[in-house]
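Data block below; observations after.
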Amino acid sequence: TLTRSVDLDGTMVCALAGYRATATDLTNDALSHAQTQLRQRVGRTVEKGRLTRDDAAAAFDRLTLTTGLDAAAARADFVIEAAVEKLDVKREVFARLDAAVPEHTILTTNSSTIVSSQLAGATTRPPSAAPSTITIAAWAAARPPSVAGAITGSGSRWHPGGDPHA
């Protein structure tokens with residue numbers, strides 16, 4: 001997974017579900033700040049007994065933070081874009097990702113205000129540009145089997161010919 005640090009929740013969901021996950025941002029300072037916040041939130045989840053300390057540590061071991069978007073994208077199977085809510089910025093990010101990711105990679109957006117069809121035209125793979133609505137509640141609940149299902153099924157209703165009830 002790739003994401004801006006403003007959406008480390010989606011990245012953490014993937015890491016908790018057992019996937020190697022990478023979050024990207026523009027600066028190391030932004031990543032450091034985001035990691036501090038994420039460690040605090042995960043720590044509170046552990047304190048409440050919703051997640052074991054070992055599971056949290058294993059998830060952080062699978063989590064990578066970097067400013068190297070293109071290098072991270074080149075290894076990604078599933079991308080959650082979470083740039084600022086500006087269409088031109090998101091389209092630029094999608095075009096850059098489209099050029100960097102492998103052909104099989106699914107591109108998603110975590111936008112709450114921009115529909116994925118407005119972003120799909122920025123890529124050569126419109127059928128795989130889909131919305132992703134992973135939130136803090138998903139990982140705070142710490143139920144990796146259902147989380148894994150949410151990750152793999154998040155875009156199916158937006159794919160042409162996909163099941164609208166999936």
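For the single chain, residues carry numbers from 1 onward in sequence order.
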Okay, side chain of [X], backbone of [Y]: is any donor-acceptor separation there less than 3.5 Å?
| X | Y | answer |
| --- | --- | --- |
| Arg62 | Thr22 | no |
| Arg50 | Val46 | no |
| Thr66 | Thr24 | no |
| Thr123 | Leu119 | no |
| Thr36 | Ser32 | yes |

Before you tell me yes or no, could you show the steps for Thr109 and Val93 under side-chain contact (heavy atoms from CB on, under 4.5 Å), namely the whole-Å CA-CA distance, both residues' side-chain angles and the distance that decides it to 0.1 Å? CA-CA 10 Å; Thr109 181; Val93 170; over 6 Å; no
Pair Asp98, Thr124: side-chain N/O donor-acceptor within cut-off below 3.5 Å: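 Side chains of Asp98 and Thr124: pair found under 3.5 Å.
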Looking only at side-chain N and O atoms, does Thr108 offer a donor or acceptor that is under 3.5 Å from a partner on Glu81?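 Looking only at side-chain atoms, Thr108 and Glu81 do not form any donor-acceptor pair under 3.5 Å.
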For a 4.5 angstrom cut-off between non-hydrogen side-chain atoms, does Val42 reach Phe60? yes
Which value, rounded to the nearest 0.5 Å, describes the distance between [X] atom [atom1] and [Y] atom [atom2]?
| X | Y | atom1 | atom2 | result |
| --- | --- | --- | --- | --- |
| Gln37 | Asp9 | CD | CG | 10.0 Å |
| Arg39 | Met12 | CZ | CE | 8.0 Å |
| Arg75 | Asp70 | CZ | CG | 11.0 Å |
| Arg20 | Thr11 | CZ | OG1 | 14.5 Å |

Pair Phe78-Leu107, side-chain contact (heavy atoms from CB on, under 4.5 Å): steps then yes or no: CA-CA 6 Å; Phe78 186 89; Leu107 301 177; over 6 Å; no
Closest contact, heavy atoms only, [X] versus [Y]:
| X | Y | result |
| --- | --- | --- |
| Ala76 | His104 | O-NE2, 4.1 Å |
| Ala15 | Ala59 | CB-O, 3.5 Å |
| Thr27 | Ala30 | OG1-N, 3.0 Å |

Dump the intermediate steps for side-chain contact (heavy atoms from CB on, under 4.5 Å) on Leu69 and Leu97, then the final yes or no. CA-CA 8 Å; Leu69 175 66; Leu97 287 168; 3.8 Å; yes
Are there more than 12 heavy atoms of other residues, nucleotides or ligands under 6.0 Å from atom CD of Glu85?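 Above 12, so yes.
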Only one of Gln40, Gln35, Arg41 passes side chain to side chain contact (heavy atoms under 4.5 Å, CB included) with Leu38; say which it is. Arg41
Verify same cluster id: Val115, Ile106 (apolar side-chain graph, 4.5 Å):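 Different clusters.
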Does the side-chain contact (heavy atoms from CB on, under 4.5 Å) test come out yes or no for Leu31 and Thr67, once each step is laid out? CA-CA 8 Å; Leu31 290 169; Thr67 58; 3.9 Å; yes
